[in-house]
Every structure is written in structure tokens, then in C-alpha cells.
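Since this is a predicted model, take the numbers as computed values, not measurements.
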Amino acid sequence: MTIGQDAKSLTPYPKVRRMRFRFGQPEPMTHHFVQDDIPLTHLIALLSGAFPPGEESFIRSVRKFSGEITDPVLKKRVAGFIGQEAVHGQQHRALNEQLIAMGFPIVRVFTFEPGALRERALITVENLVPRQVHLAVTALAEHYTATLANRVLGNPDIQAIPGDPEVWNLLNWHAFEELEHKSVAFDVYRATGGSEAVRIVLMAGTYALTIPVVSLGVAASILGDPHSWRPFKVLRQSIRLYRGPIVRGLMKEIRPYMRPGFHPDDIDTTALLEHWRRELFGADGELLDRVN
């Protein structure tokens, strides 16, 4: 069977946009750059810190199958996926440099140069597991990012949260492109004979750990930042975050992935993508001047 010929994806080819965001210009970023919200600021810092090494791992997982992809449609989609993920990592590194300078130690944990010990250790772990498992992890992670992206771009209450404008520009662009390539890793996994049982079991384990692990990560980030040692404010804002539009109901939206026969394009984001394509990159698009 030609890999990719059964791909169900309805999304267009992911387009690689060479972006350059200008963090801290012309005004410096405030320390708690999301509406003076300590937990939400640290959640975004934690995610931004984790994105570059995570996306590089996703790229490696797909490249393990590059020699077997002969279908031109899937080959072009994979090239777009790799290009987009590479630029995401580059731009999040630029934000992470700002966050490290501002005193976010959790971001430094995820920040290392190519060839550094931590990167070599990560690659060693990747190579110890079967390559289909590595790809299955990428596919489930892409479902998380696509679900969060759908929520961020589709919920006016989230868009209305005041914060640093350039950070929001980055997040909206990243979310938009996550929806553009949401099914690429999944289609490679399915086309190369990836097991439904393995896919579902891996998601079930990840699903159970998501809230505890992310909560611990945010708590560690806050504890490592003296500017955030305001326990009553943190508690009040944390309750609001869990009850608010970003977190409330998110795990329910993740759950369909564990249904046998699920495909990312079962969740139709075509209209949302078209709306944000005009908003960000149309004739008067908000991010036209960020494209190199």
C-alpha cells in the first residue's frame, strides 16, 4: 500500500511562514504578562518552555518514516508540518529568552543547545521505544495542541483576556498553524500500520496524568519565582483558572481521541481556520508585518 493513500485529512497543506515576533518592544514585558494573573502567566511560560524540545521530538518521530512516504500528498503535508514545527520552536525560543531574563526558572529547565546532554538524553529515550510508539506520542500531543488551539481561537472570552500583545500574537499564530497540521502525524501513524490499541492506551495514560502533571509544573514555576510568592492571590486566581474558559471542559474535548476509529478531522475546524487566516494573514492581516 502506498503510504498516505488512505489518509482521511480534509485540511490544506500546512504553509510554512517565516515569522519574527518582537517581544519586549517597544515596551518591556511586565513580569506577570497575562492580566497580572500569576498562575496563567506561569502556565503559558511552562508551555512555551516545553514547546521547542517537544516540537523537535515530534519532527524526529515523523522523520523516522520519511523514507517510506511515497504518496506526494502526504509527503507535502509532512514537509509543511516539519517546517511549521521548526519555526514554532524558533519563535518560542525567542520568547523563552525573555522569560529567562525576567526570572522564570522553569523555562530554563527546557532550554538547551543542540547536542547538549539533556537533548542527547531525550533522543536516547526516544530511540529506546519502538518508532511507532514515538509517533503515537506525537499524534496524541498534536491532538492536545489542536484541541487547545480550537478553544483559544474559537472562544471570545479567551481572546478577551488582556495580556502582552506580542505574546498573544505568538499564541494565536501558533494555534492557527496547529489546526493547519493537526492530522499530519496521525495520518502518518495510521498509514504506516500504527495500532489503534496502542494509540488509545497511550492517550488514556496521558489523559489521566495531564491535570496533575501540568498543575505540578505550574506550582514549581511559581515556587521558583519570588515575584509570584503571593499565596492567597495565587489560590484565588488558580480557582478562577480551573473554572474559566481555558481549562473548564478541556479534558472532555480531549476524550474523543480514545474512541476507536477517531480521526482529527472528525472535529471540523475549516471555518475557524478560514476566519483566522483572514484575521492574521489577509489583506489587512494583523501579522503580515511579522512574516519575513
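With rounding to the nearest 0.5 angstrom, the OG1 atom of T145 is 10.0 Å from the CG atom of L140. Separation of atoms CD1 (I246) and CG (L40) is listed at 4.5 Å; rounding is to 0.5 Å. One distance of note links NE2 of H181 with CZ of F58; it measures 8.5 Å at 0.5 Å rounding. Here the CD atom belonging to E253 is positioned 7.0 Å from the OG1 atom belonging to T147, to the nearest 0.5 angstrom. Note: E142 CD to E178 CD = 5.0 Å, rounded to the nearest 0.5 Å. A distance of 8.0 Å separates CH2 of W229 from CG of L223, quoted to the nearest 0.5 Å.
Side chain of H134 to backbone of N127: no donor-acceptor contact under 3.5 angstrom is found. With hydrogens and angles disregarded, no donor-acceptor distance shorter than 3.5 Å links the side chain of E279 to the backbone of G285. Remark: side-chain polar atoms of Q91 are paired, donor with acceptor, to backbone N or O of F21 under 3.5 angstrom. In this structure, S238 contributes its side chain and V234 its backbone to a donor-acceptor pair below 3.5 Å. Under a 3.5 Å cut-off, the side chain of W173 and the backbone N or O of L287 do not form any donor-acceptor pair. Under the 3.5 Å distance criterion, the side-chain polar atoms of R151 are matched with a main-chain donor or acceptor of P245. At least one donor-acceptor pair closer than 3.5 Å links the side chain of W168 to the backbone N or O of I161.
The pair R63-E126 does not count as a salt bridge, with every side-chain nitrogen at least 4.0 angstrom from each carboxylate oxygen. A salt bridge links R190 with E196: the closest approach of a Lys/Arg side-chain nitrogen to an acidic carboxylate oxygen falls below 4.0 angstrom.
E274 pairs by the salt bridge (Lys or Arg N to Asp or Glu O under 4.0 Å) definition with R277, R278, not counting sequence neighbours. Here R120 pairs with nothing under the salt bridge (Lys or Arg N to Asp or Glu O under 4.0 Å) rule; sequence neighbours left out.
Side-chain contact of Q132 with T192: a donor-acceptor pair under 3.5 Å is present, judged by distance alone. A donor-acceptor pair shorter than 3.5 Å can be found between the side chains of H263 and D187.
By the 4.5 Å heavy-atom criterion applied to side chains, Y13 and V73 are counted as neighbours. By the 4.5 Å heavy-atom criterion applied to side chains, D71 and R77 are not counted as neighbours. The side-chain heavy atoms of V16 and E177, taken from C-beta on, include no pair separated by under 4.5 Å. A heavy-atom distance below 4.5 Å is found between the side chains of P14 and V184. Side-chain contact between H42 and I38 is present, with at least one heavy-atom pair separated by less than 4.5 Å. Residues R290 and E166 have side chains in contact (heavy-atom distance under 4.5 Å, counting atoms from C-beta outward). Here the side chains of Y189 and V198 are in contact, with some heavy-atom distance below 4.5 Å. The shortest side-chain heavy-atom distance between V188 and F81 does not fall under the 4.5 Å cut-off.
In the displayed structure, R230 atom CZ is contacted under 6.0 Å by at most 12 heavy atoms of other residues, nucleotides or ligands.
When hydrophobic clusters are built by joining Ile, Leu, Val, Met, Phe, Trp and Tyr residues whose side-chain heavy atoms come closer than 4.5 Å, directly or via intermediates, L216 is not grouped with I239. No continuous path of ILVMFWY side-chain contacts below 4.5 Å connects I123 to V133, so the two sit in separate hydrophobic clusters. Under the 4.5 Å side-chain contact rule for hydrophobic residues, L202 and I211 share a cluster. In the hydrophobic clustering of this structure, L148 does not group with V213; members are Ile, Leu, Val, Met, Phe, Trp, Tyr whose side-chain heavy atoms approach within less than 4.5 Å, directly or through other members. V125 and L209 are assigned to two separate hydrophobic clusters, defined by single-linkage of ILVMFWY side chains at heavy-atom distances under 4.5 Å.
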TODO: Given side-chain contact (heavy atoms from CB on, under 4.5 Å), test M19 with N292 step by step and report yes or no.
DONE: CA-CA 6 Å; M19 307 295 291; N292 282 343; over 6 Å; no
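P39 and L241 make their closest contact through CB-CD2, 4.1 Å (heavy atoms, listed as atom of the first residue, atom of the second, distance). Closest non-hydrogen pair, I106 versus A220, comes out as CD1-CB, 4.5 Å. In plain terms, the two heavy atoms of S57 and T138 that are nearest each other are O-OG1, 4.5 Å. Taking every heavy atom of both residues into account, G89 and E55 meet most closely at N-OE1, 3.2 Å. When all heavy atoms of P52 and H92 are compared, the closest pair comes out as CG-CB, 4.0 Å. Across all their heavy atoms, L122 and P53 have their closest contact at CD2-O, 4.2 Å.
For the pair R17 and F281, the distance from NZ or CZ to the six-membered ring centre is under 6.0 Å and the angle to the ring normal is within 45 degrees.
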Indicate every side-chain donor-acceptor pair of residues 108-117 with a distance under 3.5 Å to a residue at least two apart or in another chain.
| from | atom 1 | to | atom 2 | distance (Å) |
| --- | --- | --- | --- | --- |
| T111 | OG1 | V107 | O | 2.8 |

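Applying the side chain to side chain donor-acceptor pair (under 3.5 Å) rule to pairs touching residues 200-218 yields Y144-T210, Y207-R255, S215-Y242, sequence neighbours excluded. The side chain to side chain donor-acceptor pair (under 3.5 Å) contacts involving residues 31-40 comprise H31-D225, H32-S228, D36-K233, D37-R240, where partners must be two or more places apart or lie in separate chains. Each side chain to side chain donor-acceptor pair (under 3.5 Å) pair with one or both residues in residues 19-29, not counting sequence neighbours, appears once here: R22-D289.
Using cut-offs of 30° and 60° on the angle between ring planes, the pair F186 and Y257 is perpendicular.
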